[in-house]
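Below, chain A is the first sequence line, B the second, and so on; all start at residue 1.
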Amino acid sequence: MSRYEPALIEAKWQAAWDEALAFKATRDPGKPKYYVLEMFPYPSGRIHMGHVRNYTMGDVVARYKQAQGFSVLHPMGWDAFGMPAENAAMERGGHPKDWTYGNIADMRAQMKPLGLSIDWSRELATCDPEYYGQQQAMFLDMMEAGLVYRKAAQVNWDPVDMTVLANEQVIDGKGWRSGAAVERRELTQWFFKISEFSGELLTALDGLKDWPEKVRLMQANWIGQSTGLQFGFETVGAPAGFDRLEVYTTRPDTLMGASFAGISPDHPMAKALSGDPAVEAFLAKCRLGGTTAEALETAEKIGFDTGVRVKHPLDPSWELPVYIANFILMDYGTGAIFGCPAHDARDFEFATKYGLAIKSVFVAEGQAEAPLTEPFVPMKSEKVNYIRGFAGDNLQTGEAAIAAAVTAAEAKGFGKGVTNYRLRDWGVSRQRYWGCPIPVVHCDACGVVPEDKKNLPVELPYDVSFDRPGNPLDRHPTWRDCACPKCGAPAKRETDTMDTFVDSSWYYARFTAPRATTPTVADEAEYWMNVDQYIGGIEHAILHLLYSRFFARAMHKTGHLPAKAIEPFNALFTQGMVTHEIYKTTDANGRPVYHLPEDILRTEEGATLKDGTKVEVIPSAKMSKSKKNVVDPMNIIASYGADTARWFVLSDSPPERDVEWTASGADAAYKYLSRVWALCARIGEMPVDHQGEGDADLLRAMHKAIAEVTQGIDGFAFNKAIAKLYEFTNTISRASASTSAMKEAIRTLAKLMSPMTPHIAESIWTYQGGAGLCVKAPWPVVDPAMLVEDKVTLPIQINGKRRAEVTVPADMPASEVEKLVLAQEDVIKFLAGQPVKKLIVVPGRIVNVVV
RNA sequence: GCGGGCGUGGCGGAAUGGUAGACGCGACAGACUCAAACUCUGUUUCCGCAAGGAGUGUCGGUUCGAGUCCGACCGCCCGCACCA
């Protein structure tokens, strides 16, 4: 056996696996299946360490499950639509399609050397017409099922680029590219009716036992269920058709503290009033600024007294003014509220500004009513004294008062208890070229008409230009022209494309039948779904995962997925990032200059450039190109091999936490693999019939390692599995057992290492006479008998402090142990004649003597 | 503001309520070498020559026994945030 040369063995074994079709997923009804999926990458053109960590974790699971006899599906694809391709076309010329497919080829070439157990025959890109055509088919099915609709919605409009911007693209109220002040504009957009599933998406979270608690919580908060009272005010002086004003409140118990009613600037009544120039001016003022959270947060609360009045439901002689207020959201509740300044911070601010009454409904227990200088908002679980309550006791909690108020309102017939959700319908229209075209047609006679399924895919035209702002589809001379599928008259295609989150909301299902001429195939979906283990970043905790959960339900409703797949991901694991130190110097103008890790020399006190310049070392942060704290996986593979990179990203830190990439850590991983290699060579050179000592001990250690590594992988504790492998390696290394025992031990080590470092494992396996390919070999089985020790060493505590120990046969009865313990010299010394009050023997664990 | 998580050696981190610090990095010592690197062996929580003592953010509680459970506080991190 020669030197450890990763470059040689890695290429060799990858070819051997390909030849053996080792990772081809086949539907085998005789075997249990296991579907492991990592979140597919955006084809930026370069893989980074985060990808390496993500895909290595998935690979460990996939290889381990394969060894355990599962029929494994482990596919890979590309989340290939999106803005960067268009930006590249605008900045550097070229075509988004060419750019994207070129990047895919590059990234695939970078991924292959990692030796991932991927079934590449199932590879797909969301920009393949074969993929998005099926997505269009589902869009039409969902339209028919009433899950898709059009409505006018507020968007961030960039007046220079003439396009809609996502909230993330609005920076300080300006378009990120043009720098122009962003306007709010109302556009007719396509929506998925995710809100139809709000309640179900919330309650079903409880069933996702193998999801991180954190993600479930984040989703629950995002869906944002609230219960409260909806009721109608009778209006006075309102425009025609607005005899009543429906409002929603979660605090109906504060109704007697109301001092105004408010409506959203987008409320129909506001629109009805906009004939008044003063109203119109106010509405225009509200439209300034973006729709982002920041924009809204920093916006001043402004209101406009419409002159309309409403009658208080409990006292018709009491009239409240109706304001249009910019902080009221149209798409939550009814878009209208009543304000109770005494017990709501926002209403308090508003009332103070516009000189409205601030009337307490309740006061702290034992306190008298006094003018408020700030709103009084106690916990709902706290008991307070209701001085202007209208239902329930005087002294009660907010919760009880709310329930009593709802009951009373229903009894009096002026309102009803309702449940509301924060979750909005999902706007999917994007005025962009590089996305999945929305397959509908606009006909002068028939209106909005779904495209005929036989005309799918509605394919993106290639001959487009990006030399002008806006959506190239809008100005393409012929692409828009088509015949109305209904009446045959000349019509125009929809030019909006879908949000790229749509593409990633069902790719997991498509992988079960990636070449089918329907979105899915029932048999395949039935066999392969659900994803047993999904792995990806926490940054997708809400949107991607929630949309996928919605989409699976919608696919079930339209007949594309079985009922069991409405929660598509059985288990979710969110892995941490790969981080690195940042190296900074400052240029002559005081601006920071960052340096790549490979240009840095570490010294005792810190770090310098190669010319000796001192460098500031900033603690580890996410690898980012702008901070230059990146390590290119390709460089690591070139100098150490893929196995080292894989081993490193799994060791040290628990998978859910960030791991810091360090040169010394990479060295350590490489050294370890070299040591295993050398150990393998040493065992190979032992005389075949060599009889050593301690075979039984070595084999016991082997079974312990099998048990512990298995447990580590099962529990997603790869760092612990790796620690146990180090331990077992050291044990073999020190052993002087017989050749046959040593061979068995190192073959087992190879198999246990194989999910993490498959190439070196394969070499060792073959060299030590393992049958066939290591990748096809079954996972080692623990012999429980080998885990039982015949003797145990029990620590002896005296009053909880460890003072001595005693070695006894494992099956010695507690009473015998007690006698032995009390006869111990050290124990007698420590007791110094004091009487023993209590003696606790935990068999196989510990002894505690209490005096 | 609301919700959640986490505090253990010089560092990353182990520890079903049962010997705190597994494993790795780093450091130190030794072997090999003319020397260095590599490699190998050993030491490495702190105080102490030792015997021994102290120790898991702080304070208190439960328990024979607490890093682990409970309460309060301090610090750090994350998510959401005008949601009526």
Protein heavy-atom contacts under 4.0 Å, written 5' to 3' over nucleotides 42-48 of chain B as B (base), S (sugar-phosphate only) or - (none), form the string -------
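- A:Thr807 and A:Thr793 form a side-chain donor-acceptor contact under 3.5 Å, judged by distance and modelled atom types alone.
- A straight line from CD of A:Glu213 to C1' of B:G3 spans 12 Å, rounded to a whole angstrom.
- Near-neighbour residues of RNA chain B inside residues 331-338 of chain A, defined by a heavy atom below 4.0 Å, number-ordered: A:Tyr332, A:Ile337.
- Note that NZ of A:Lys359 is 6.5 Å distant from CE of A:Met256, once rounded to the nearest 0.5 Å.
- Environment of CD in A:Glu539: crowded, with over 12 heavy atoms of neighbouring residues, nucleotides or ligands closer than 6.0 Å.
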Encoded 5' to 3' (Watson-Crick or G-U under 3.5 Å; [ ] crossing; | other strand), RNA chain B becomes (((((((..(((.....[....)))((((((.......))))))(((....)))..(((((..]....))))))))))))....
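- Taking a 4.0 Å limit (strictly below) on heavy-atom distances, residues 643-659 of chain A reaches RNA chain B at A:Asp652, A:Ser653, A:Pro654, A:Arg657.
- For A:Lys214, the listed nucleotide lying nearest its side chain is B:C78; candidates were B:C78, B:G79, B:G4.
- By the 6.0 Å contact criterion, CD on A:Gln834 is enclosed, its count of non-hydrogen atoms from other residues, nucleotides or ligands being greater than 12.
- Going from atom CZ of A:Arg802 over to atom P of B:G21 covers 9 Å, rounded to whole Å.
- Comparing B:G52, B:A22, B:G24 by their nearest atom to the side chain of A:Tyr726 picks out B:G24.
- In this structure, A:Ser651 contributes its side chain and A:Phe648 its backbone to a donor-acceptor pair below 3.5 Å.
- At whole-Å resolution of the value, CD1 in A:Ile538 and P in B:G4 are 16 Å apart.
- The interatomic distance linking A:Ile846 (CD1) with B:U16 (P) rounds to 14 Å, in whole Å.
- Interatomic distance, A:Trp426 CH2 to A:Phe191 CZ, rounded to the nearest 0.5 Å: 12.0 Å.
- The side chain of A:Ile542 approaches B:C80 more closely than any other nucleotide in the set B:G24, B:C80, B:C82.
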- For A:Ser195 and A:Asp425, what are the C-alpha separation, side-chain angles and deciding distance, and is it a side-chain hydrogen bond (donor to acceptor under 3.5 Å, both in side chains)? CA-CA 5 Å; A:Ser195 64; A:Asp425 277 337; 2.7 Å; yes
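- Between the P atom of B:G12 and the CD atom of A:Glu581 lies a distance of 12 Å, rounded to the nearest Å.
- Between the P atoms of B:U8 and B:G67, the separation comes to 14 Å (whole Å).
- Taken to the nearest 0.5 Å, the CD1 atom of A:Ile538 stands 4.0 Å off from the OG1 atom of A:Thr574.
- Closest to the side chain of A:Tyr248, out of B:A84, B:A81, B:A14, is B:A84.
- To the nearest 0.5 Å, atom CD1 of residue A:Ile328 and atom CZ of residue A:Phe350 are 7.0 Å apart.
- Looking at heavy atoms from C-beta onward, A:Lys285 lies out of side-chain contact with A:Asn326 at the 4.5 angstrom threshold.
- A distance of 9.0 Å separates OG1 of A:Thr306 from OH of A:Tyr323, quoted to the nearest 0.5 Å.
- When the C1' atom of B:A84 is taken as reference, atom CZ of A:Phe327 falls 8 Å away, rounded to whole Å.
- A:Tyr248 and A:Tyr332 have perpendicular rings, their planes meeting at more than 60° on a 0 to 90° scale where under 30° would count as parallel.
- A heavy-atom distance below 4.5 Å is found between the side chains of A:Leu546 and A:Ile223.
- Taking 4.5 Å as the limit, every side-chain heavy atom of A:Thr250 sits out of range of all side-chain heavy atoms of A:Ile402.
- Checking B:A81, B:A84, B:C23 against the side-chain heavy atoms of A:Trp222 singles out B:A81 as nearest.
- Across B:U39 and B:U33, the matching C1' atoms stand 12 Å from one another, rounded to whole Å.
- With C1' as the reference atom, B:C47 and B:G55 are 11 Å apart, rounded to whole Å.
- Considering only the side chain of A:Arg845, B:G18 comes nearest among B:G18, B:A84, B:A15.
- At a threshold of 4.0 angstrom between heavy atoms, the contacts of A:Lys837 with the nucleic acid are absent.
- Going from the C1' atom of B:G13 to that of B:G24 covers 9 Å, rounded to whole Å.
- In terms of position on RNA chain B, the residue among A:Phe830 and A:Thr793 whose nearest nucleotide sits closer to the 5' end is A:Thr793.
- The nearest whole Å value for the distance from the CG atom in A:Leu329 to the C1' atom in B:A81 is 11 Å.
- As judged by a 4.0 angstrom heavy-atom cut-off over every strand, A:Asn730 is placed among residues touching the sugar-phosphate backbone only.
- In this structure, A:Arg3 places its CZ atom 16 Å from P of B:C38, rounding to the nearest Å.
- We find the CH2-CE distance between A:Trp211 and A:Met218 to be 11.5 Å, quoted to the nearest 0.5 Å.
- Of the possible polar contacts, none joining the A:Thr254 side chain to the A:Gly257 backbone as a donor-acceptor pair under 3.5 Å is found.
- Nucleotides B:U62 and B:G12 have their P atoms positioned 34 Å apart, rounded to a whole Å.
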Just do the side chain to side chain contact (heavy atoms under 4.5 Å, CB included) check on A:Phe231 and A:Thr249 with the steps written out, would you? CA-CA 9 Å; A:Phe231 66 93; A:Thr249 177; 4.2 Å; yes
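- Closest approach to the A:Ile328 side chain among B:G4, B:U39, B:A84 is made by B:A84 (side chain taken as heavy atoms from C-beta onward).
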B/S/- along nucleotides 54-68 of chain B (protein heavy atoms under 4.0 Å) is ----------BS---
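- With C1' as the reference atom, B:G4 and B:A54 are 35 Å apart, rounded to whole Å.
- Between A:Leu217 and A:Met330, the residue anchored nearer the 5' end of RNA chain B, judged by the nucleotide with its closest heavy atom, is A:Leu217.
- Regarding contacts with the backbone of B:G12, every side-chain N or O of A:Asn719 stays at 4.0 angstrom or more from both OP1 and OP2.
- Across B:C40, B:A14, B:G26, the shortest atom-to-atom separation from the side chain of A:Ser664 is found for B:G26.
- Against the 90° criterion about 0, the sugar-base torsion of B:G13 places it in the anti range.
- Among the heavy atoms of the strands lying under 4.0 Å from A:Ser226 are primed sugar atoms or P, OP1, OP2 only; no base atom is included.
- Taking atom P in both B:U44 and B:C23, the straight-line distance is 12 Å, to the nearest Å.
- No side-chain donor from either of A:Tyr672 and A:Thr757 sits under 3.5 Å from a side-chain acceptor of the other.
- B:C32 sits 30 Å from B:A22 when the C1' atoms are compared, rounded to a whole Å.
- For A:Tyr583, the side-chain hydrogen bond (donor to acceptor under 3.5 Å, both in side chains) criterion is met by A:Glu581, not counting sequence neighbours.
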